[in-house]
Trainee: 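For reference, the structure I am asking about is given below.
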Protein chains: 2
Amino acid sequence: MLDEVKIPTTRNGKATFKIIIETTIDLFYKQGYHKTTIANITNSAGIGAGTFYLYFPNKLSLYKYILNQFQHDIRKTIAEKVASVDGRFEKEKEGIKTFIKYAIQNPHSYNIIWESLYIDKQLFMDYYEGFAKRYEIGLTKSIDDGEMHNVDTELVSYILMGVSNFVGLKVLLDLGSNNEDVDKLVDQVMNIIKTGIFK
Amino acid sequence: MLDEVKIPTTRNGKATFKIIIETTIDLFYKQGYHKTTIANITNSAGIGAGTFYLYFPNKLSLYKYILNQFQHDIRKTIAEKVASVDGRFEKEKEGIKTFIKYAIQNPHSYNIIWESLYIDKQLFMDYYEGFAKRYEIGLTKSIDDGEMHNVDTELVSYILMGVSNFVGLKVLLDLGSNNEDVDKLVDQVMNIIKTGIFK
DNA sequence: TCATAACCTGAAGGGTTATTCAGATTATAG
DNA sequence: CTATAATCTGAATAACCCTTCAGGTTATGA
C-alpha cells in the first residue's frame with residue numbers, strides 16, 4: 001500500500017529520507033507535481049540521482065507518501081482542537097477555524113491535496129469522501145443534540161468543505177493574513193452559516 | 001493576449017481548428033493537461049504533427065484558448081438564466097443551479113478550470129477573482145433590495161463559490177445524477193443557505 | 001578491529017516528446 | 001484557367017528525463 005517505499009534504518013538514512021521529503025514538498029508547491037523532475041529533487045536535496053531510488057521506486061510513490069502524511073496530520077490536528085471545546089456549534093466552528101489556519105500555516109498541503117485530482121482521480125475521491133464521512137459523524141451528533149436543523153448530513157458536509165476550502169483559498173490568495181484576522185473571519189463565516197444569508 | 005493563436009480563414013482551416021479544440025478538450029478531461037502530448041492531439045484529431053503548429057505555438061496557448069472559451073460560456077449561460085427570473089433570492093438560486101447544471105452537462109469545463117492552478121497559478125487567481133467580483137455585484141443589489149442581511153459581499157461570494165463548486169463536485173463524483181435530481185438538490189442547498197444550519 | 005549491511009554516487013543507456021521544415025496539396029480570387 | 005495564398009504532411013532533429021548499475025563510502029554490531 002505504501003508503494004514499495006523503503007524506510008531507512010540508520011541515522012544517516014533517515015536524514016536523507018527526510019531531506020527528500022522536505023525538498024519535494026517545496027518543489028511540488030512551487031512547480032507542481034508534473035513539472036518537478038527527479039533531477040530537480042536530487043539536485044535541490046544535494047544528493048546523487050541514484051539515491052532517490054534507494055527509498056522510492058518513482059515520483060508517484062513519493063507523492064502518495066506525502067499526501068498520506070498531510071491527511072493524517074490535518075485530521076489529527078482538527079480532531080485534537082475540536083475535542084478541546086464544548087458544544088456542537090463550537091466544535092464545528094473550531095473545526096473550520098483549524099482547517100483554515102492549517103491551510104495558512106501549511107500552504108503546501110492545500111496545493112498538494114487538490115493536485116491529486118490531476119495525478120490520480122481515485123486519490124482525490126477517496127480523500128474527500130473520507131473527509132465527508134468524518135464530518136457527517138459530527139453533524140449527526142449536532143442534530144441529535146438539537147443544535148442543528150434536521151438537514152441532509154452528507155450534503156451539508158460537502159457544503160461545509162466547500163466553504164472551508166474556498167474561504168481558505170481566498171485567504172491564501174490574498175496572502176498576508178495573520179492569525180488574528182482569521183479568528184474574526186471565521187466568526188463572520190460561522191455567523192453566516194448559522195443564521196443564513198437571506199432575510 | 002491570445003498568445004499568437006492563428007485563427008484560420010478558410011472553411012477547411014476552420015474545420016481543422018475546431019477538431020483540434022474538441023479533441024483536446026476531450027484529452028485534457030481524460031488524461032489531464034500534462035499527460036496529454038501534442039502527438040496525442042494530432043493523432044486523435046487525425047492530422048499531421050506539423051498542422052498543430054499552424055494554429056498554436058504550443059500546448060499552453062491552446063489551453064489558455066480553451067479556458068477562455070469556457071469562462072465566457074459559463075458566464076454567459078449564467079447571466080442569461082439569471083436575467084430570466086425575478087427577485088434577488090430567485091436570481092441567486094438560479095445562478096447556483098445553472099452553475100451546477102453546467103458542470104454536469106460540461107464535466108470537461110470543471111476539470112479544465114481547476115487544473116489552471118497547476119498550469120499557471122495566475123490564470124487560476126484571475127478566474128476566481130473575476131468570478132467573485134461578478135458575484136459581488138448581485139449580492140450588493142440583494143442587500144440594497146433588502147432581501148439579504150448586510151454581509152461582507154466579498155466573503156459571501158467566496159462562500160457561495162465554495163458551495164457551488166463542492167456541491168457540483170459531489171454530483172460529478174457520484175455520477176448519474178439527472179437534471180430533476182439537481183432541481184431538488186439545489187432547493188435543499190438554497191434552503192440551507194437561506195435559513196442557516198444551526199438553531 | 002573488522003566483517004557486513006546500509007548507504008551513496010553520477011555517468012550512461014534508452015525512451016519519450018516538442019518542434020522544425022522542405023516539399024506537397026487544396027481552395028479561391030481574378 | 002491559373003497564380004497565389006492557405007493549408008497540410010511526417011520524417012528528422014535535438015532536448016529532456018527516468019532509471020540502472022558498477023563501484024565506492026560509511027556506520028555498526030560482535
Side-chain angles (χ1 to χ4, degrees), chain A residues 2-67 115 118-120, chain B residues 2-67 115 118-120:
Chain A
L2 285 175
D3 249 313
E4 313 281 346
V5 173
K6 173 147 176 263
I7 308 294
T9 57
T10 70
R11 189 196 299 174
N12 278 12
K14 284 176 184 171
T16 302
F17 188 88
K18 193 179 172 193
I19 203 175
I20 290 176
I21 301 282
E22 284 169 357
T23 302
T24 303
I25 287 173
D26 195 50
L27 287 171
F28 281 174
Y29 177 62
K30 286 183 186 154
Q31 315 181 343
Y33 174 84
H34 290 99
K35 284 176 199 153
T36 300
T37 67
I38 306 293
N40 281 338
I41 294 170
T42 53
N43 288 336
S44 299
I47 60 177
T51 306
F52 177 88
Y53 295 94
L54 235 46
Y55 301 107
F56 302 95
N58 49 48
K59 198 170 63 166
L60 180 59
S61 67
L62 171 55
Y63 174 82
K64 285 185 181 174
Y65 185 87
I66 290 172
L67 182 66
E115 194 165 18
Y118 303 102
I119 295 169
D120 182 339
Chain B
L2 283 176
D3 250 314
E4 315 279 349
V5 173
K6 175 151 175 258
I7 308 293
T9 57
T10 71
R11 189 195 302 174
N12 278 13
K14 283 176 184 173
T16 302
F17 188 88
K18 193 179 171 193
I19 202 174
I20 290 175
I21 301 281
E22 284 170 356
T23 302
T24 303
I25 288 174
D26 195 50
L27 288 172
F28 281 174
Y29 176 63
K30 286 183 187 153
Q31 314 181 343
Y33 173 85
H34 290 99
K35 285 176 200 154
T36 301
T37 66
I38 306 293
N40 281 337
I41 294 171
T42 53
N43 288 337
S44 299
I47 60 177
T51 307
F52 177 87
Y53 294 93
L54 234 48
Y55 302 107
F56 303 95
N58 50 47
K59 199 171 62 168
L60 180 59
S61 68
L62 171 55
Y63 174 81
K64 285 185 182 175
Y65 185 87
I66 290 172
L67 182 65
E115 195 166 17
Y118 304 102
I119 295 169
D120 183 339

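Chain naming here is simple, since letters A, B, ... match the order of the sequence lines and numbering starts at 1 in each.
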Trainee: Treating A:Tyr118 as the side-chain partner and B:Glu115 as the backbone partner, does any N or O pair qualify as donor plus acceptor under 3.5 Å?
Mentor: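 A pair under 3.5 Å: yes.
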Trainee: For B:Phe56, report the nucleic acid contact type (base, sugar-phosphate, nothing); a contact means any heavy atom under 4.0 Å.
Mentor: nothing
Trainee: When you compare the side chain of A:Ser44 with that of A:Leu27, does any pair of heavy atoms fall below 4.5 Å?
Mentor: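 Counting from C-beta outward, A:Leu27 and A:Ser44 do come under 4.5 Å.
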Trainee: Rounding to an integer number of Å, can you tell me how far B:Ile38 CD1 sits from D:dA12 P?
Mentor: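 Roughly 21 Å, once rounded to whole Å.
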Trainee: Give the nucleotide from the list D:dC8, C:dT19, C:dT17 with an atom nearest to the side chain of B:Asn12.
Mentor: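 Between D:dC8, C:dT19, C:dT17, the one nearest the side chain of B:Asn12 would be D:dC8.
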Trainee: Starting at NZ of A:Lys18 and ending at P of C:dC7, how long is that distance when rounded to a whole Å?
Mentor: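 Going from NZ in A:Lys18 over to P in C:dC7 covers 17 Å.
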Trainee: Quick one: sort the A:Tyr65 and A:Phe17 rings into parallel, tilted or perpendicular, breaks at 30° and 60°.
Mentor: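 Taking A:Phe17 first and then A:Tyr65, their aromatic rings stand perpendicular (interplane angle over 60°).
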Trainee: Supply the atom-to-atom distance B:Ile41 CD1 to B:Leu62 CG, rounded to the nearest 0.5 angstrom.
Mentor: 5.5 Å
Trainee: So, A:Thr37 and A:Asn40: side-chain donor and acceptor under 3.5 Å apart, yes or no?
Mentor: yes
Trainee: Can you tell me how far C1' of C:dT19 sits from CD of B:Glu4, to the nearest Å?
Mentor: 16 Å
Trainee: Could you work out which one of D:dT7, C:dA6, D:dC8 sits closest to the side chain of B:Thr16?
Mentor: D:dC8
Trainee: Quick one: B:Leu54 CG to C:dT19 P, roughly how many Å, whole number?
Mentor: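 Roughly 15 Å, once rounded to whole Å.
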Trainee: Considering only C:dC8, C:dA18, D:dC17, which nucleotide approaches the side chain of A:Tyr55 most closely?
Mentor: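 The nucleotide sitting nearest to the side chain is C:dC8.
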Trainee: Reckon B:Lys6 touches a base, only the sugar-phosphate, or nothing at all at heavy-atom distances under 4.0 Å?
Mentor: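 Touches sugar-phosphate only.
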Trainee: Round to a whole Å and report the spacing from CD1 of A:Ile19 to P of C:dC8.
Mentor: 11 Å
Trainee: Can you tell me if the side-chain N/O atoms of B:Thr10 get under 4.0 Å from OP1 or OP2 in D:dT7?
Mentor: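 It does, given that an N or O in the side chain of B:Thr10 lies less than 4.0 Å from OP1 or OP2 of D:dT7.
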Trainee: Give the nucleotide from the list D:dA6, C:dC8, C:dA18 with an atom nearest to the side chain of B:Tyr53.
Mentor: C:dA18
Trainee: What integer distance in Å separates B:Arg11:CZ from D:dT7:P?
Mentor: 13 Å
Trainee: B:Lys14 NZ to D:dC8 C1': how many Å, rounded?
Mentor: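 Those two atoms, NZ and C1', are 18 Å apart.
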Trainee: Check each residue of residues 45-52 of chain A for a non-hydrogen atom within less than 4.0 Å of any atom in DNA chain C, then write out the ones that pass by number, or none.
Mentor: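 Under 4.0 Å from DNA chain C: A:Ile47, A:Gly48, A:Ala49, A:Gly50, A:Thr51.
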Trainee: Using whole Å, what does the distance between atom P of nucleotide C:dT17 and atom CG of B:Leu60 come to?
Mentor: 19 Å
Trainee: Among C:dC7, C:dC8, D:dT7, which nucleotide has an atom closest to any side-chain atom of B:Pro8?
Mentor: D:dT7
Trainee: Other residues, nucleotides and ligands only: do more than 12 of their heavy atoms fall within 6.0 Å of NZ on A:Lys35?
Mentor: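 Enclosed.
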Trainee: Could you label the plane-to-plane angle of the A:Tyr33 and A:Phe28 rings as parallel, tilted or perpendicular, counting under 30° as parallel and over 60° as perpendicular?
Mentor: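 Because their plane-to-plane angle lies in the 30° to 60° range, the rings of A:Tyr33 and A:Phe28 count as tilted.
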